*Asks:* 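Quick one: the structure is below, and I'll ask about it shortly.
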Number of protein chains: 2
Amino acid sequence: MASHRPDSGYRLDEIDRRIIYALMADARNTSAPMIAEEVSVSPATIRNRIDQLEDHGIIRDYHTSVDFERAEGGLTTLFQCNVSVENREAIAQQVSAIPGVINVRKLMTGRRNLHVVAVGADTQSLERIGRALSELGAEIEDEDLVQDEISRPYTPYGPDETATDPTPTDVISLTGDANVVEVTVSSDSEIRGYTLEEAGSRGVLPDDLLIVAIERDGTVLTPRGETTIRADDVVTVLSRDGIDDRTLHSFRPPAAEPVSDSEPIDP
Amino acid sequence: MASHRPDSGYRLDEIDRRIIYALMADARNTSAPMIAEEVSVSPATIRNRIDQLEDHGIIRDYHTSVDFERAEGGLTTLFQCNVSVENREAIAQQVSAIPGVINVRKLMTGRRNLHVVAVGADTQSLERIGRALSELGAEIEDEDLVQDEISRPYTPYGPDETATDPTPTDVISLTGDANVVEVTVSSDSEIRGYTLEEAGSRGVLPDDLLIVAIERDGTVLTPRGETTIRADDVVTVLSRDGIDDRTLHSFRPPAAEPVSDSEPIDP
DNA sequence: TATGAAAATGGCACACA
DNA sequence: TGTGTGCCATTTTCATA
């Protein structure tokens, strides 16, 4: 059995795991040399490993997540369908070819075992997609708008330093989408070193964010345009449109790199 | 309202759409010059456009899809949760920080409005993730194993030539996972030009695939080791382990490039 | 858009266990 | 034999204008 499935029991070592972690965090802007430096091996090795992981099917593919609503007012919709277990593979395959379908998940359940995400320019095109699903034998049980989607790398494959830094310390929800969060400014975040005014004008700080307090060395500062944001400041942020993974981007360390510089083991 | 949301009504032109299409198909191995050639503009323009699309939040991020089951026997699980609408944003944010969580979808529904995909090394770590979800206020309604996931670019942004070529013409399911498909060999597929034997030994043709018939120019050939596969052959393929998006990879045109050469619009 | 400098990639030969 | 490494030509990126 294992003869024609040689990839089943592939074992990863620490290098593979860190590669996967880095690529999950940012598949496009993470170069082999960048990963190489983190794990202290040569860039060529990283490239070889990536090739292997791809060949063995561990790494499936690299995608781009797109906000279709911003793009052209497109509606992202999740269809939850029932398909017969025998044809699940085949139907999933054909479903993924329907124009507008961007993601298909096969689940090991009796009901709602096929989740299909499709994008439509309008209600009409979504109806068309719904019909196409039915014709292929996927019975639609539910149809919901997808508001947003967040993807994260697999934490256990990340750097050991269990730095939960970039998470909001506390979140207080207000009316509507607005809410308040406290974040600790990471030591290599993008916003560090800018004054509030610079951050705003350079686009480092999104327009709908308002910094209402800065806690530094135990005292609370009143934020002014010329106040400089430093590492380890605890910043209280008010957001009009809701806190989002990407909203707090500037406060975080760069995606692919660890929080503190890793000590090269073998220079 | 639109004043502080300048990105809402961003309009894409044909170049933007083709960029998005190419990056959705392969975020990592698609270089700016490759896209540039397809749409007949300079590579620098493509690069600028990509930067703009990223800045405006149209392109959210680039990830890597990983088969954790192959990797280390990891279990990929979908938790369908209820969260209160007011805190949806904040909870989703915190949920995404739980170690092991790799994807969170926010839905615009009353029930099951948060879909969380997590990877666990074993049942125990999934229980831990389940508890973490509950503690954050996400009530778990359902918990299913994810068997597989397929992602596709948004077809309407692709090349006009509505080439549905790479789709299996017909799928017949047999017992178990095995089934039979007919595919038309794309004119620039990887397998074209190889004999069956070469394709097998070079890894172009997966081990669990068996070619049972080749239809060419209206006649049906009996496949032999020395039979060469040509473009436009209609090949009948038997698969032991089920047809998969990736299984038929070799029959398809390369991901990022159109089926036939695109006619430059403005040389 | 174009151009030149810097960086990354892919291929291949070689060393090492 | 397989895996890591160093070096090469080529491609791609990035920051100038």
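Chain letters run A, B, ... following the sequence lines, proteins first, then strands; residues in each count from 1. Please read all numbers here as calculations on a predicted model, not as lab measurements. Hydrogens, waters and symmetry mates play no part in the numbers below; they use all other heavy atoms, side chains included.
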*Asks:* Classify every nucleotide of nucleotides 10-17 of chain C by which part a protein heavy atom approaches to under 4.0 Å, writing B for the base, S for the sugar-phosphate alone and - for neither, in 5'-to-3' order.
*Replies:* B-------

*Asks:* Check every atom of D:dG4, D:dT13, C:dT1 against the side chain of B:Ser42 and return the nucleotide holding the closest atom.
*Replies:* C:dT1

*Asks:* How long is the line joining CD of B:Gln52 and P of C:dT1, in whole Å?
*Replies:* 12 Å

*Asks:* Roughly how many Å is it from CD in A:Glu14 to C1' in D:dT3, rounded to a whole number?
*Replies:* 18 Å

*Asks:* For A:Met34 and C:dA6, give me the distance from atom CE to atom C1', rounded to whole Å.
*Replies:* 15 Å

*Asks:* List the atom of A:His56, the atom of B:Arg70, and the distance in Å for their closest heavy-atom pair.
*Replies:* O-NH1, 3.0 Å

*Asks:* Which of these passes side chain to side chain contact (heavy atoms under 4.5 Å, CB included) with B:Arg28: A:Ile50, A:Asn29, A:Asp61?
*Replies:* A:Ile50

*Asks:* From the options D:dT12, D:dT3, C:dT9, select the nucleotide whose nearest atom is closest to the side chain of B:Arg28.
*Replies:* C:dT9

*Asks:* If you take all heavy atoms of A:Ile98 and B:Thr155, which pair is closest and at what distance?
*Replies:* O-OG1, 4.2 Å

*Asks:* Please tell me which of the listed nucleotides, D:dG4, C:dT1, D:dT12, lies nearest to the side chain of B:Thr45?
*Replies:* C:dT1

*Asks:* Counting neighbours of CD on B:Glu197 that are heavy atoms of other residues, nucleotides or ligands and sit closer than 6.0 Å, is the number greater than 12?
*Replies:* no

*Asks:* Just verifying a value: how many Å separate B:Asn48 CG and B:Leu53 CG, rounded to the nearest 0.5 Å?
*Replies:* 11.0 Å

*Asks:* Report the residues that fulfil salt bridge (charged side-chain N to carboxylate O under 4.0 Å, His left out) with A:Arg216, sequence neighbours left out, ordered by chain and then residue number.
*Replies:* A:Asp233

*Asks:* So that I can tick it off, tell me whether B:Arg17 and A:Glu72 are bridged by a salt bridge, with the cut-off set at under 4.0 angstrom between side-chain N and carboxylate O.
*Replies:* yes

*Asks:* I need the minimum non-hydrogen distance between A:Gly100 and B:Tyr154, along with the two atoms involved.
*Replies:* CA-CE1, 3.7 Å

*Asks:* Could you tell me, to 10°, how much the axis swings from one end of the helix from C:dT1-D:dA17 to C:dA17-D:dT1 to the other, five pairs per end?
*Replies:* 20°

*Asks:* Supply the atom-to-atom distance B:His63 NE2 to A:Asp26 CG, rounded to the nearest 0.5 angstrom.
*Replies:* 9.5 Å

*Asks:* Rounding to a whole Å, what distance do you find between A:Arg11:CZ and D:dG2:C1'?
*Replies:* 19 Å

*Asks:* Once you round it to whole Å, what is the distance between P of C:dA8 and CD1 of A:Ile35?
*Replies:* 11 Å

*Asks:* Could you state the atom-to-atom distance from CD1 of A:Ile46 to C1' of D:dG4 in whole Å?
*Replies:* 11 Å

*Asks:* Choose from C:dA8, C:dT1, D:dT3 the nucleotide whose nearest atom is closest to any side-chain atom of A:Pro33.
*Replies:* C:dA8

